[in-house]
Amino acid sequence: MTSTPSPDEPEINPDELPFVAPCRQLDALAPLRWLELGWRDLRRAPGPSLSYGVAVLAISYGISAIAWHYGSVYLLLAMLSGFIFIGPVMAVGLYSISRQLQAERQPVLGYCLREGRRHLGNLLVFAVILLVVFLVWARAASMVHVFFPMDADPELTDFALFLGVGTVVGTLFAAVIFCASAFSLPMLLDRRADTVTAVLTSINAVLRNKPAMLFWAALIVAIVLAGFATGLLGLALGMPVVGHATWHAYQETIDASAWPRNEPVV
């Protein structure tokens, strides 16, 4: 199902659209507002939101079981870390819930699925990109183990190189994905834009708001780590809050008014 303009809506001329959607300047504490709004959306639609959280929890346990059975603790950590990369695509339904709440509609999961199906083409392009990065990340994570100390009784300092290289490699991959996905998927859901435009818009907005976006990335990492620390149970609550907050981050940051808004699905 694709998005088509209404008979009264003028056709889009790509040559008249900006290269990227302009962004607003954010104060450094803006992410705290987004989390507050995300928590409010969760409280307004607990059923649909927590359903997504439970689904994320089930997938996380499935990934953990596969990695533990066929691999090792290192593969488990790599796959759970890589799970962060595909999280933005999984959160599309949460963006839809927030969009429905913003339109004063009662959120329903069926509507989220229909809305996701309408944008299936763009979502698949983005998902393939994330999958490629995830596979490269998994390979890079396994190669980092060559720096693991081989002594029978290694000292704490012997782990410095291993931890340092692993942190640099992981941070590099995470930064690329974060810049590309911070605002792109909410924009695809909200406006009739293509994947390339949405990704470039997201990267531009992140680079122009470094203090706020660094703080936002740190908050997301903290929420994910809290989820891991609770045996992944915290993800059932943390994922919906972050998903809803991401929608409000897009609304506050990106001025996508040049692109026609996607009409509600039927």
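No hydrogens, no waters, no symmetry mates; every other heavy atom, side chains included, goes into these values.
Taking both residues in full, the closest heavy atoms of Ala28 and Pro211 are given as CB-CB, 4.3 Å, listed atom of the first, atom of the second, then distance. Nearest heavy atoms, Ala30 versus Leu26: CB-CB, 4.3 Å. Considering every non-hydrogen atom in both Pro107 and Pro48, the closest pair reads O-CG, 3.8 Å.
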- Message: Pair Leu219, Leu35 - check side chain to side chain contact (heavy atoms under 4.5 Å, CB included), show working.
- Response: CA-CA 9 Å; Leu219 288 175; Leu35 283 179; 3.8 Å; yes

- Item | Asp194/Leu188 under side chain to side chain contact (heavy atoms under 4.5 Å, CB included): CA gap, chis, key distance, verdict | CA-CA 7 Å; Asp194 61 88; Leu188 291 174; 5.9 Å; no

- Dump the intermediate steps for side chain to side chain contact (heavy atoms under 4.5 Å, CB included) on Val224 and Phe228, then the final yes or no. CA-CA 6 Å; Val224 172; Phe228 288 172; 3.8 Å; yes

- Go through Thr253 and Arg24 one step at a time and tell me if the side chain to side chain contact (heavy atoms under 4.5 Å, CB included) criterion holds. CA-CA 5 Å; Thr253 307; Arg24 304 178 183 91; 5.6 Å; no

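To the nearest 0.5 Å, atoms CZ (Arg208) and CD1 (Ile203) are separated by 13.0 Å. Note: Phe183 CZ to Ile254 CD1 = 5.5 Å, rounded to the nearest 0.5 Å. For the atom pair OG1 of Thr230 and CG of Leu235, the computed distance is 6.5 Å after rounding to the nearest 0.5 Å. With values rounded to the nearest 0.5 angstrom, Leu57 atom CG is found 11.5 Å from Leu50 atom CG.
At least one donor-acceptor pair closer than 3.5 Å links the side chain of Ser202 to the backbone N or O of Cys179. Listed for the Thr197 side chain is no donor-acceptor partner under 3.5 Å among the backbone atoms of Ala193. No donor-acceptor pair closer than 3.5 Å links the side chain of Gln25 to the backbone N or O of Asn209. Distance alone, capped at 3.5 Å, is enough to place a donor-acceptor pair between the His244 side chain and the Leu94 backbone. Judged by distance alone, with hydrogens and angles left aside, the side-chain atoms of Thr246 form a donor-acceptor pair with the main-chain N or O of Val242 at under 3.5 Å. Side chain of Arg192 to main chain of Trp259: no donor-acceptor pair is present (N/O by atom type, distance under 3.5 Å, no hydrogens or angles). Judged by distance alone, the side chain of Arg261 and the main-chain N or O of Arg191 form no donor-acceptor pair under 3.5 Å. Checked by atom type and distance alone, the side chain of Ser49 never pairs as donor or acceptor with a backbone atom of Pro46 at under 3.5 Å.
Under the 4.5 Å side-chain criterion, counting only non-hydrogen atoms from C-beta, Ile97 is in contact with Cys112. Side-chain contact between Ile59 and Val56 is absent, with no heavy atoms from C-beta onward closer than 4.5 Å. Taking the side chain as every heavy atom from C-beta outward, Leu233 and Tyr61 approach each other to under 4.5 Å. Looking only at side-chain heavy atoms (C-beta outward), Asp190 and Asn262 stay at 4.5 Å or farther from each other. Between Phe215 and Lys210, every side-chain heavy-atom pair lies at or beyond the 4.5 Å cut-off. Residues Leu185 and Asn122 have side chains not in contact (no heavy-atom distance under 4.5 Å, counting atoms from C-beta outward). Counting heavy atoms from C-beta on, the side chains of Gln102 and Gln251 come closer than 4.5 Å.
Residue pairs meeting the salt bridge (charged side-chain N to carboxylate O under 4.0 Å, His left out) criterion with at least one member in residues 34-45: none, sequence neighbours excluded. Among residue pairs with one or both ends in residues 236-257, those qualifying as salt bridge (charged side-chain N to carboxylate O under 4.0 Å, His left out) are Arg33-Glu252; sequence neighbours excluded. Note on residues 34-57: pairs passing ring pair (Phe, Tyr, Trp, His ring centres under 6.0 Å), not counting sequence neighbours, are Trp34-Trp216.
Partners of Ala258 according to the side chain to side chain contact (heavy atoms under 4.5 Å, CB included) rule, which considers only residues two or more places apart in sequence or in another chain, are Leu17, Pro18. Remark: Tyr250 engages Trp247 in a ring-ring contact (aromatic ring centres under 6.0 Å, His included) (not counting sequence neighbours).
By the criterion of side-chain heavy atoms lying less than 4.5 angstrom apart, applied directly or through intervening Ile, Leu, Val, Met, Phe, Trp or Tyr residues, Leu207 is grouped together with Met187 in one hydrophobic cluster. Under the 4.5 Å side-chain heavy-atom criterion for Ile, Leu, Val, Met, Phe, Trp and Tyr, Leu29 and Leu37 are members of distinct hydrophobic clusters.
Side-chain contact annotation: Ser96 with Gln100, donor-acceptor N/O pair under 3.5 Å present. A donor atom on one side chain and an acceptor atom on the other are not found under 3.5 Å apart for Thr201 and Asn204.
Cluster partners of Leu200, by chain and number: Phe19, Val20, Val196. The rule joins Ile, Leu, Val, Met, Phe, Trp and Tyr whenever side-chain heavy atoms lie under 4.5 Å apart.
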